[in-house]
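Order of the sequence lines fixes the chain letters, A, B, ..., with proteins taken first and strands second; residue numbering starts at 1 for each chain.
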Protein chains: 2
Amino acid sequence: MTDGTSYPQDGGAVSVLVVDDHPVVRAGLLALLSVQPGLRVVGEAGDGEEAVQLAHELAPDVILCDLRLGEGPDGVDVTRAVRASGADRAPAVLILTTYDHDADLVRAVEAGAAGYLLKDAAPTAIVSAIEASARGETLFGPELTERVVATMRVRRAELSARELEVLRLVADGLSNREVARTLFVSEATVKTHLNHVFGKLGADSRTGAVATARAAGLLD
Amino acid sequence: MTDGTSYPQDGGAVSVLVVDDHPVVRAGLLALLSVQPGLRVVGEAGDGEEAVQLAHELAPDVILCDLRLGEGPDGVDVTRAVRASGADRAPAVLILTTYDHDADLVRAVEAGAAGYLLKDAAPTAIVSAIEASARGETLFGPELTERVVATMRVRRAELSARELEVLRLVADGLSNREVARTLFVSEATVKTHLNHVFGKLGADSRTGAVATARAAGLLD
DNA sequence: CCCGACCTCAACCCTTCGGTTGATCCGTGC
DNA sequence: GCACGGATCAACCGAAGGGTTGAGGTCGGG
């Protein structure tokens with residue numbers, strides 16, 4: 001991604017690495033940020049692996065990273081990899097997301113993201129968020145925090161891997177018997193898992209559980 | 001023009017109106033398209049009303065329009081308004097969408113859209129799509145057509161207003177009794193509606209019906 | 001005017017689901 | 001070792017969901 005394009009040098013500016021799998025969005029961020037005097041886009045990546053590699057090579061101040069990156073590692077993985085690299089000045093990771101109800105947002109924050117932005121945010125908001133995170137500040141969107149907290153609440157009632165597996169199949173419309181056959185377990189086991197899910201999600205029916213799980217972003 | 005065929009004027013460049021509610025995406029499209037020799041971006045809009053107004057004022061060859069535009073009219077409404085204006089050379093509308101399984105896509109095509117693009121499409125694909133639609137061609141994505149056809153099939157099995165109303169409540173996790181109370185009808189009526197839904201969607205359970213309806217984009 | 005589509009409701013029957021209790025087995029961690 | 005949580009299963013029961021038939025009402029189009 002850094003092949004033919006050359007990025008200007010500038011000692012005092014905040015260096016930014018732009019990561020997004022959509023070429024259009026990448027171009028848009030590039031266009032918006034490149035005209036900002038205090039910022040300097042030093043590179044761009046279209047997937048998670050490229051992002052991590054460029055993060056090491058370029059050591060930017062801030063990484064502006066989409067949460068979902070198509071195939072392979074996502075924004076959470078990138079965040080974890082960058083923050084866990086143990087560098088003295090690990091880049092601050094600013095997560096971009098389309099949906100404010102994304103459950104992965106919580107995972108991103110837990111992984112060490114400095115903050116998150118909605119994709120329809122105003123350009124000025126994006127710029128100030130980048131500058132803030134470059135100063136080491138952790139920022140949270142205004143009305144988003146409550147949503148994250150709400151999601152946290154559901155997340156705290158962590159579903160086990162098996163429970164989530166069952167719930168996904170139920171969400172696809174399978175009956176208990178079909179789920180049992182799919183997972184090679186007895187119908188009783190499926191019912192037990194589902195009862196645990198009901199308790200954890202505060203639901204009292206399969207459709208109710210699917211509804212709240214979907215609202216919390218546990219499915220997708 | 002004795003043969004009745006009309007080609008874009010003004011030095012051969014195709015005039016484009018960019019419509020998207022996300023400033024970032026608008027900037028990206030602008031950046032990508034403005035460097036194309038055969039294209040000329042004559043305007044941009046951030047919502048549906050602005051788009052329709054600018055479409056009349058600027059009379060562009062092509063309108064590149066996001067399907068979802070936040071509040072107010074969406075891409076389908078814009079398409080309908082522009083195509084139904086009865087102008088001699090109504091602009092071709094090219095719909096942008098994030099999801100290839102969007103049921104509104106069908107509505108957009110029915111409303112007279114020239115084609116549709118995924119937002120993660122390559123810049124070259126976007127450019128060639130714009131040029132093709134400027135020539136009056138109707139284009140469909142390669143693997144997307146089958147999805148649209150599949151959606152069409154479900155859409156043909158049109159749900160009545162009441163059936164859809166019941167299904168939405170079921171999708172929210174309500175029981176038959178709760179749905180009945182919400183809609184001020186008897187539980188028997190709810191069951192009847194649901195049975196009709198099952199038949200039309202080819203499902204055999206409430207969760208199954210919700211799953212297929214969601215896959216077809218009937219909910220949202 | 002009658003037909004069809006939609007909305008409404010009832011009675012019946014069978015299946016599935018939801019709730020409970022209790023049990024075994026296997027890992028992880030103190 | 002023991003406790004704990006997760007995964008697995010069994011048996012049971014009442015409640016809810018699903019399937020069928022039948023029937024009454026309204027409304028718009030041929």
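- Using modelled atom types, one finds no donor on one side chain facing an acceptor on the other under 3.5 Å when comparing A/Glu49 with A/Gln53.
- Where the helix from C/dC1-D/dG30 to C/dC30-D/dG1 starts and where it ends, the local axes point in directions that differ by 40°; five pairs per end, rounded to 10°.
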What is the per-nucleotide protein-contact pattern of nucleotides 8-20 of chain C, from the 5' end, where B denotes a base atom under 4.0 Å from a protein heavy atom, S denotes such proximity for sugar-phosphate atoms only, and - denotes neither?
-> BBB-----SSBBB
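- Residues B/Ile95 and B/Leu117 fail the side-chain proximity criterion, which asks for heavy atoms closer than 4.5 Å.
- No side-chain donor from either of A/Thr192 and A/Thr189 sits under 3.5 Å from a side-chain acceptor of the other.
- For the atom pair A/Asp172 CG and A/Arg168 CZ, the distance stands at 9.0 Å (nearest 0.5 Å).
- Checking B/Ser128 against B/Glu131 by side-chain atom types alone, no donor-acceptor pair falls below 3.5 Å.
- Minimum heavy-atom separation, B/Leu94 to B/Ser133: CD2-OG, 4.0 Å.
- Atom pair B/Lys200:NZ and D/dG18:P shows a separation of 17 Å (rounding to whole Å applied).
- Within the 4.5 Å cutoff, the side chain of B/Val170 has heavy atoms near those of the B/Val210 side chain.
- Between A/Glu165 and A/Arg162 there is a salt bridge, since a side-chain N of the basic residue sits under 4.0 Å from a carboxylate O of the acidic one.
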